[in-house]
Amino acid sequence: MPGLARALLQAGKLTSQQVESLTRQATAEGNLFIDVLLISGAIDARGLAAFCSETFGYPLLDFAAFNRAALPDKIIDAKLMHTQRVVALGKRGNRVAVAISDPTNLQALDQIKFQTEMTVEPVIVEHPLLLQLIEKVGQNAEQSLRELSGDDLDIDFGMDEAAPLIDTVEIDDAPVVKFLQKILTDAINLGASDLHFEPFEKFYRIRFRVDGVLREMSQPPLAIKEKLASRIKVISKLDISEKRVPQDGRMKLVISKTKAIDFRVSTLPTLFGEKIVMRILDATQAQMGIEALGYDADQKAVLLEAIARPYGMVLVTGPTGSGKTVSLYTCLNILNKPGINISTAEDPAEINLPGVNQVNVNDRAGLTFPVALKAFLRQDPDIIMVGEIRDLETADIAIKAAQTGHMVFSTLHTNDAPATLTRLMNMGVAPFNIASSVILITAQRLARRLCSCKAVIEIADEALLQAGFREEQLDGSWSPYGPVGCERCSGSGYKGRVGIYQIMPISQEIERIILAHGSAMEIEAQAQRDGVRSLRQSGLIKVMQGMTSLEEVVGCTNE
């Protein structure tokens, strides 16, 4: 028995025979109970609206004081509006007022909450007037739906035609599809780098990493975690029946005919379901140019001089998420010319760069980094890029390639440039091989860039000196800036990120220290004498330039 029918029966507004007859008729005709009820004349629309308002405690809309022309048209999609007979009246903050004639239709309220990620506040409207409102906003809502999932925006499933489409009918009909598209487009619009879908015992949350900081964006109903995980896994070509082991895949979001954004998808079984992390891989980042990355003028000159050499090894170091891939691909993009053969081995290839031969390593199939590197050397290469040097065998082959007339790029996970050399020695690479192949090491971090709403702040000279500034730098010619917060930066005071770099060319003095099995401290001291700035010193220059705050630099660098 529908909830509205039960309430009317308990209140004595309908008899049990009427309820049974009307319910049977609604089921046979495929209509809503409220439609059949009002057509039968058992109760009039005004009386039913007053009953619902009084019984369920929801306000009754006064149409005389309501401006129908001001109805929003992009809150609830057209399909939900027509099938569930609901209309958004307006929103304030995280709350949305929804016109409804049957307050027992909890499915509609749950779907609206799920779709809008807002707290739903029902408002009772007479049923015929509600149908007029639906007709009023219907055309605009249909247009909004087309904008969301029409010609200019589509998810490329990337599935083979012969692959079985498991549960596609059920999934495609669910609001999960629209919700996922909305989440992905919101993440792109906010400039997020990662999306986290996290199931817990009592709730399910979605977080975005924006400018290096995780922000909670939504807590959809816990019941959708399985469908959402299945949806993501289907379009990422993962096994939706396998929930016991981690899986990795990719998917693509087509923004327009000329722009598509890839997502790297990783699943991880947890206590309460599969956690899914999606890394946004925007190929346009690698084509922004080296000027957009934040290198100082002298650092840029040293880097460009190194990558222009005919052979040698350039290493990029830093923690996960510090922009190593973008830096490498920016260098490759500079060198990517018709007369140069470039090959890369990655796990996996994150950015698609036309003109570069990219290979995904596959350990299960036997295509490891060493195997790929050996194959590259038989492919007449000029430039080789190795996604990461993880072991001695990979390091040896890469170094031999650098010693035999090839330019080699790669990454390592170390804290700074001097530590990279000792890390290679600890891996078992002979010091004379390191000294004769490595020509430059760059360490990097990403600091949040101050928004245009930034303001000058007062910081005591003692605090500036303790942070690493020298006495001569505190000459009053510059002022430190701090975050303020505005609508553009969502109140955080930061918008975007800027790179902080330590560019260390391998000088003859550093080569001597390497050959003598010197420590990272000795290499660092010599680098300082050679004029190489540490990460902290490079960050302090960004503070002087007003690009970021002192707090941000201190938080992401060590001294």
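Both backbone and side-chain heavy atoms feed into the values below; hydrogens, waters and symmetry mates do not. Predicted model only: the values in this text are computed from it and were never measured.
Thr267 pairs in a side chain to side chain contact (heavy atoms under 4.5 Å, CB included) with only one of the listed residues (Asp248, Val245, Ile276), which is Ile276. With Glu274 as the fixed residue, the salt bridge (charged side-chain N to carboxylate O under 4.0 Å, His left out) test singles out one of Lys227, Lys243, Lys225, Lys233: Lys233.
For CG of Asp296, the number of neighbouring non-hydrogen atoms (other residues, nucleotides, ligands) closer than 6.0 Å is greater than 12. Within 6.0 Å of CZ on Arg95 lie no more than 12 heavy atoms contributed by other residues, nucleotides or ligands. Heavy atoms of other residues, nucleotides or ligands lying less than 6.0 angstrom from CD of Glu121 number more than 12.
At a threshold of 4.5 Å between non-hydrogen side-chain atoms, the residues Arg85 and Ile100 do not count as touching. Under the 4.5 Å side-chain criterion, counting only non-hydrogen atoms from C-beta, Asp186 is not in contact with Met217. Residues Phe179 and Ser218 are in side-chain contact: their nearest non-hydrogen atoms beyond the backbone lie under 4.5 Å apart. The shortest side-chain heavy-atom distance between Met385 and Cys331 does not fall under the 4.5 Å cut-off. The shortest distance between side-chain heavy atoms of Ile235 and Lys252 does not fall below 4.5 Å. Thr368 places none of its side-chain heavy atoms less than 4.5 Å from the side chain of Val361. Here the side chains of Tyr494 and Val213 are not in contact, with every heavy-atom distance at 4.5 Å or above. In this structure the side chain of Arg497 reaches within 4.5 angstrom of the side chain of Ser193, judged on heavy atoms.
The CD1 atom of Ile342 sits 6.0 Å away from atom CG of Leu335, with the distance rounded to the nearest 0.5 Å. With values rounded to the nearest 0.5 angstrom, Thr411 atom OG1 is found 7.5 Å from Ile389 atom CD1. Note that the CG atom of Leu293 and the CD atom of Gln299 stand 11.5 Å from one another [nearest 0.5 Å]. To the nearest 0.5 angstrom, Leu373 atom CG is 9.5 Å from Glu393 atom CD.
Contact between Ile206 and Pro220 at its shortest, heavy atoms only, is CD1-CG, 4.0 Å.
Figure legend: cation-pi geometry between Lys454 and Tyr481, with NZ or CZ positioned under 6.0 Å from the six-membered ring centre and within 45° of its axis.
Side-chain N or O atoms of Asn360 include one that pairs as donor or acceptor with a backbone N or O of Ala349 at under 3.5 Å.
Salt bridge annotation for Arg250-Asp262: present, with a cationic side-chain nitrogen under 4.0 angstrom from a carboxylate oxygen.
Among residues two or more places apart in sequence or in another chain, the side-chain contact (heavy atoms from CB on, under 4.5 Å) test is passed with Cys556 by Arg445, Ala447, Ile500.
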Could you give me the CA-CA distance, side-chain angles and deciding distance for Glu201 and Leu222, then say whether side chain to side chain contact (heavy atoms under 4.5 Å, CB included) is met?
-> CA-CA 9 Å; Glu201 184 177 13; Leu222 186 61; over 6 Å; no
